[in-house]
Number of protein chains: 2
Amino acid sequence: MNSRQLTELAQQLRVDSVRASDAAGSGHPTSSMSAAELMAVLLAGHLRYDFERPQHPGNDRFVLSKGHASPLLYAAYKAAGAISETELMTFRKLGSRLEGHPTPRRLPWVETATGSLGQGLPVGVGIALAGKRLDRTGNRVWVLCGDSELAEGSVWEAAEHAAYEHLDNLTAIVDVNRLGQRGPTRHGHDLDAYARRFAAFGWHTIEIDGHDVDAVDRAYGEAESTKGQPTVILARTLKGKGVAAVQDREGMHGKPLKDAEEATAELGGVRDLQVEVPQPPAARMLHAVRTGHLELPRFAVGDEVATRDAYGQALAALGSARGDVVALDGEVGDSTRSEFFAKEHPDRYFECYIAEQQLVAASVGLAARGWVPYAATFAAFLTRAHDFIRMASISGAGVNLVGSHAGCAIGQDGPSQMGLEDLAMMRSVHGSTVLYPCDANQTAKLVGTMAGLEDVRYLRTSRGEAPVLYSPTEEFPVGGSKVLRASDTDRLTVVAAGVTVREALKAADALDAEGIQVRVIDLYSVKPVDRRTLREAAERTGCLLTVEDHHEEGGLGDAVLDAFLDGRPVPRLVRLAVRTMPGSASPAEQLREAGIDAEAIAVAGRLLVEHAIVP
Amino acid sequence: MNSRQLTELAQQLRVDSVRASDAAGSGHPTSSMSAAELMAVLLAGHLRYDFERPQHPGNDRFVLSKGHASPLLYAAYKAAGAISETELMTFRKLGSRLEGHPTPRRLPWVETATGSLGQGLPVGVGIALAGKRLDRTGNRVWVLCGDSELAEGSVWEAAEHAAYEHLDNLTAIVDVNRLGQRGPTRHGHDLDAYARRFAAFGWHTIEIDGHDVDAVDRAYGEAESTKGQPTVILARTLKGKGVAAVQDREGMHGKPLKDAEEATAELGGVRDLQVEVPQPPAARMLHAVRTGHLELPRFAVGDEVATRDAYGQALAALGSARGDVVALDGEVGDSTRSEFFAKEHPDRYFECYIAEQQLVAASVGLAARGWVPYAATFAAFLTRAHDFIRMASISGAGVNLVGSHAGCAIGQDGPSQMGLEDLAMMRSVHGSTVLYPCDANQTAKLVGTMAGLEDVRYLRTSRGEAPVLYSPTEEFPVGGSKVLRASDTDRLTVVAAGVTVREALKAADALDAEGIQVRVIDLYSVKPVDRRTLREAAERTGCLLTVEDHHEEGGLGDAVLDAFLDGRPVPRLVRLAVRTMPGSASPAEQLREAGIDAEAIAVAGRLLVEHAIVP
């Protein structure tokens with residue numbers, strides 16, 4: 001397309017953004033209008049993309065980081081022939097694929113769900129890492145950002161990582177329209193302010209008038225030919241560009257234009273230009289997957305092995321069996337044991353340094369390209385990436401997250417390092433699987449199983465050594481549990497997981513010596529839970545005692561209740577969990593202080609069996 | 001102290017760090033040793049601090065962002081005479097104030113809990129904001145950072161905000177020892193790399209040899225005399241400095257030295273220098289608190305008012321009554337209605353732009369200085385700051401967090417904007433209070449009540465209008481609930497909160513028409529819950545139905561169960577919550593699709609009353 005045609009196309013994208021938002025009665029037309037030329041030139045001249053084959057390995061990848069500008073994206077889809085005028089007008093309606101913010105669950109051309117700002121670029125870094133270090137199809141990643149979202153720290157984690165990894169296949173396009181939701185941004189139209197920051201972080205920077213299609217075209221070309229570093233294009237634009245009633249005016253964010261017909265006329269009327277989007281070059285198939293036999297590590301029953309060690313060994317083994325498995329570290333690989341993978345598969349290991357948002361975002365990006373990422377850090381520090389995990393679930397991203405050093409059992413380091421909220425966080429993620437092994441063989445098996453699950457998966461590992469309870473041949477299905485002790489005369493069921501399993505068994509011994517038989521369940525699958533086994537135990541024993549190294553809200557105890565919330569009779573229940581704020585102490589002291597060790601279980605068990613209410 | 005004495009003092013801090021870690025059997029001596037001169041010169045010549053009066057308004061404030069270097073901090077306390085040799089040797093032991101990472105719950109001289117990296121500087125920005133814009137005592141804030149933690153995006157949110165607010169009372173000291181936990185950092189000893197970044201963000205930068213006490217002293221002086229912008233001192237140091245066995249070597253992170261006696265000898269032996277820490281200048285009392293009568297807004301029963309509107313109006317009123325109340329915005333003040341406060345009290349309003357980690361960190365810093373912060377953004381986006389909220393609870397920080405646009409009831413914007421995990425997140429925070437009002441008068445009252453609570457408090461507000469149910473004179477104690485409908489013949493209790501209260505009442509009407517009397521409880525206090533009322537309802541009606549606009553894990557349903565987890569008989573229970581991934585749709589359609597509207601409640605209620613198990 002020539003300049004006049006590109007300008008016309010941009011006007012069409014504006015008009016369609018205005019019309020779609022008007023039909024919906026909500027949406028963000030003004031945020032779409034500022035970036036119309038940026039999108040038009042990309043679509044018509046630079047993005048190499050086969051809309052009929054979104055999984056084509058040679059396709060460029062486009063991420064709309066400013067996800068609220070979805071009308072612009074959908075208008076572009078229409079111009080590219082991917083959706084119809086009729087579908088465009090379903091924008092934001094019940095059942096429509098065209099949601100307020102784009103998601104890959106609904107649309108095959110969307111790489112990642114956006115709408116929480118500052119996430120598109122970090123995920124784009126993950127996609128670009130896949131392209132540069134793994135897929136090597138020569139494709140490019142284009143991320144359209146807003147200027148407001150550059151205030152998010154996650155953008156600078158991404159900036160740092162992209163430059164460090166020399167991601168010259170990545171281009172960030174910043175639509176500097178100067179206006180956020182509630183008013184001017186910190187830097188307004190000061191493109192230099194942004195350029196100084198990106199340049200300092202190691203990026204090639206280009207400043208342009210974002211409404212000049214020739215300037216935009218030249219900038220894209222310059223980005224494509226820049227080697228050794230990522231490029232950011234800082235485009236001066238006007239929010240609501242082209243319609244005087246809203247252009248560059250405050251208070252015009254996130255709502256349809258008052259008079260869509262008048263605006264359409266002012267923009268030159270409805271057009272129906274169709275774009276021939278450049279096709280990707282032929283590319284080899286997406287990364288070969290070695291299908292070697294999985295030889296998980298085997299641990300001898302009775303040995304003392306930390307589950308984090310088993311994680312590291314199992315992951316390294318999984319990496320040998322499957323060429324699509326990759327591992328990511330948040331600069332704690334020696335603690336999480338991800339470094340075992342690094343030693344054997346350095347080409348598939350991604351060091352993300354202390355930047356947990358980028359750690360998870362890179363995983364989401366790699367998963368979007370078909371890789372199977374395992375990202376590990378301390379369980380406590382995964383909370384840093386909660387919003388990214390939340391958005392990953394909206395994407396339906398197949399990421400494996402691993403939180404080590406869970407619970408007060410870590411000991412002396414104190415509460416800042418203790419994951420005591422991670423089960424609550426991960427259980428509340430839509431579609432998640434939450435696993436919490438207590439021994440090494442169980443851990444190894446679950447590491448292998450995780451790879452084949454859907455959506456977000458979480459594995460919780462422990463710092464200290466624990467006795468190997470299970471044979472290497474034991475199976476641990478997701479949604480299952482293990483009844484470690486049972487008899488016909490059980491009067492109580494203790495439900496434990498991870499470090500509390502050992503304590504539960506000790507308590508059961510103590511109570512058994514007093515004539516109180518206790519059933520013990522290892523609930524390694526925290527979500528989904530084994531409803532059948534829990535219900536049977538409740539029927540047979542009458543009361544349940546849950547014990548967990550986690551705050552009392554949202555963890556194991558609540559998971560157990562999932563089995564009874566369908567109106568059936570509920571057993572009598574007591575929950576032991578970490579209710580106090582721990583300090584520094586040895587691991588054994590921590591369990592005692594928190595009231596989740598064997599003695600505390602025995603005391604509570606006795607009371608529960610003998611009294612109606614535990615005082 | 002002269003240079004020789006300062007050097008001696010630094011050696012003493014090293015020796016004491018080595019000895020304390022050795023006595024503990026764990027800890028981070030090498031991370032302490034790199035910063036010994038930086039700490040010695042600060043303590044002896046620049047920090048103005050009265051250890052006997054930590055709340056003195058004129059005190060400078062010191063934040064150890066690299067909290068794992070706690071041995072250095074405690075060694076400094078000993079040198080300042082604040083703790084004894086005996087106490088120093090209790091480091092990391094059960095019951096000791098000297099935890100693995102410092103916390104203000106235990107030690108009066110600690111401003112904020114650290115140990116999750118990248119948080120000290122953002123909180124320091126909050127403290128510096130208090131000093132610069134509110135307290136105006138002329139004190140300074142010194143933050144000692146590690147180099148590894150500069151990878152955290154939160155550091156750059158802080159860098160941006162500090163420069164934007166011209167915080168020349170803030171100095172960041174970066175201990176560039178080149179080594180992270182598992183190996184070299186991205187930039188090693190390249191001080192220029194860090195300087196370029198900070199300079200681009202608007203900071204004054206100084207690069208020095210961090211082991212040269214004269215250079216450190218000059219740098220501190222330069223920071224003190226720099227006007228209009230914050231200063232960062234980039235200090236080249238060696239991890240484990242002074243002991244050849246560990247100095248500048250990998251694999252020496254986070255563990256005691258192998259031979260503490262030999263190391264002590266190599267460092268010149270044990271010393272007992274005492275430092276005269278400079279005293280703060282006389283300063284006026286901490287900010288005056290106006291104690292005007294609180295005139296909360298009053299809403300007429302039956303009117304339709306969004307709880308977010310009531311929040312904004314109540315907060316503005318609270319600000320008029322109390323001079324210590326401040327408000328913070330994450331660039332959505334027009335949506336959360338924080339802007340109502342901004343209009344009336346612009347001097348106490350802090351715009352943090354789209355940087356939720358900084359938003360919460362600034363609140364923690366302001367609270368540390370005695371202010372009462374209310375920080376609001378979308379409930380969904382508070383997940384961005386989860387790790388900061390977690391650390392705030394370890395600090396025992398009195399922050400009020402407000403999440404608007406909760407649940408699928410927001411409608412068309414789709415899942416990225418819906419807070420569906422916020423109750424789970426906030427309930428699992430130690431010591432938290434979680435409030436979820438359904439009407440405007442209730443919201444207003446709770447906004448006022450929050451100010452007087454301990455620890456982290458959370459208020460969940462809604463986007464859409466809701467009928468005013470309560471009179472302006474009604475009281476809503478924390479830990480209470482409201483029984484909106486009850487009779488002697490109730491066969492079911494529906495527990496709702498927020499947007500589902502209206503649905504519950506409608507369902508109760510429908511069921512009543514069929515002859516099924518229903519008790520309805522408005523559980524506005526989600527944590528703590530009103531155990532007494534819930535238990536009574538369970539006893540009287542036999543079964544409970546909870547309904548919430550939140551994922552099923554960790555929210556209202558789990559909160560209700562808190563009332564029954566002491567071994568007492570549990571009522572039959574059914575929980576209605578958002579189990580599917582919402583798309584875009586109208587608010588009413590969203591509630592229907594999620595199965596939490598009046599019809600869904602009526603269907604489930606009928607089944608629960610008539611059958612043992614809900615199919």
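As the structure is a prediction and not an experimental result, all values here were calculated from the model. Lettering follows sequence order; numbering is per chain, from 1.
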Based on non-hydrogen pairs under 4.5 Å, which of [options] is most in contact with chain B?
{"options": "G414(A), S148(A), G118(A), G554(A)", "result": "S148(A)"}
{"options": "H101(A), E157(A), H28(A)", "result": "H101(A)"}
{"options": "D413(A), L608(A), T114(A)", "result": "D413(A)"}
{"options": "P571(A), A380(A), G25(A), C543(A)", "result": "A380(A)"}
{"options": "G251(A), G95(A), G180(A)", "result": "G180(A)"}
{"options": "E339(A), H253(A), E552(A), E356(A)", "result": "E356(A)"}

Self-check item: Residue that, paired with R186(B), satisfies side chain to side chain donor-acceptor pair (under 3.5 Å) out of E351(A), E160(A), H161(A)
Solution: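 Output: one option passes, namely H161(A).
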
Check for a donor-acceptor pair, side chain of [X] on one end and backbone N or O of [Y] on the other, with a separation under 3.5 Å.
{"X": "S584(A)", "Y": "K93(B)", "result": "no"}
{"X": "E331(B)", "Y": "Q181(A)", "result": "yes"}
{"X": "E149(B)", "Y": "I354(A)", "result": "no"}
{"X": "R572(A)", "Y": "P569(B)", "result": "no"}
{"X": "Q412(A)", "Y": "G27(B)", "result": "no"}

Quiz item: So which of D558(A), D562(A), D566(A) actually passes salt bridge (Lys or Arg N to Asp or Glu O under 4.0 Å) with R575(B)?
Solution: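 Considering D558(A), D562(A), D566(A), a salt bridge (Lys or Arg N to Asp or Glu O under 4.0 Å) with R575(B) is found only for D562(A).
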
Self-check item: Contact origin within E99(B) toward chain A - heavy atom pairs under 4.5 Å
Solution: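 For E99(B), the contact with chain A is made by backbone and side chain together.
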
Exercise. Please state whether the side chain, the backbone, both or neither of T580(B) comes within less than 4.5 Å of a heavy atom of chain A.
Key: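 Contact with chain A: backbone only.
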
Is the shortest side-chain heavy-atom distance between [X] and [Y] below 4.5 Å?
{"X": "E421(B)", "Y": "R390(A)", "answer": "yes"}
{"X": "M391(B)", "Y": "S416(A)", "answer": "yes"}
{"X": "Y353(A)", "Y": "R182(B)", "answer": "yes"}

Exercise. Using the test salt bridge (Lys or Arg N to Asp or Glu O under 4.0 Å), find all partners of R384(B) that sit at least two apart in sequence or belong to another chain.
Key: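 For R384(B), the residues satisfying salt bridge (Lys or Arg N to Asp or Glu O under 4.0 Å) (neighbours in sequence not counted) are E152(A), D387(A).
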
Self-check item: Nearest heavy-atom neighbours spanning L94(A) and R592(B)
Solution: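 Where L94(A) meets R592(B) most closely, the heavy atoms are CD2-NH2, 3.8 Å.
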
Quiz item: Using the ring of each side chain (for Trp, its six-membered ring), is H551(A) parallel, tilted or perpendicular to H430(B), with breaks at 30° and 60°?
Solution: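 Judged by the thresholds at 30° and 60°, the geometry between H551(A) and H430(B) is tilted.
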
Quiz item: Are any of the side-chain nitrogens in E553(B) or K527(A) under 4.0 Å away from the carboxylate oxygens of its partner?
Solution: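 A salt bridge is present here (some side-chain N lies under 4.0 Å from a carboxylate O).
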
Quiz item: Quick one: what part of L117(A) sits under 4.5 Å from any heavy atom of chain B, side chain, backbone, both or neither?
Solution: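 For L117(A), backbone and side chain are both near chain B.
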
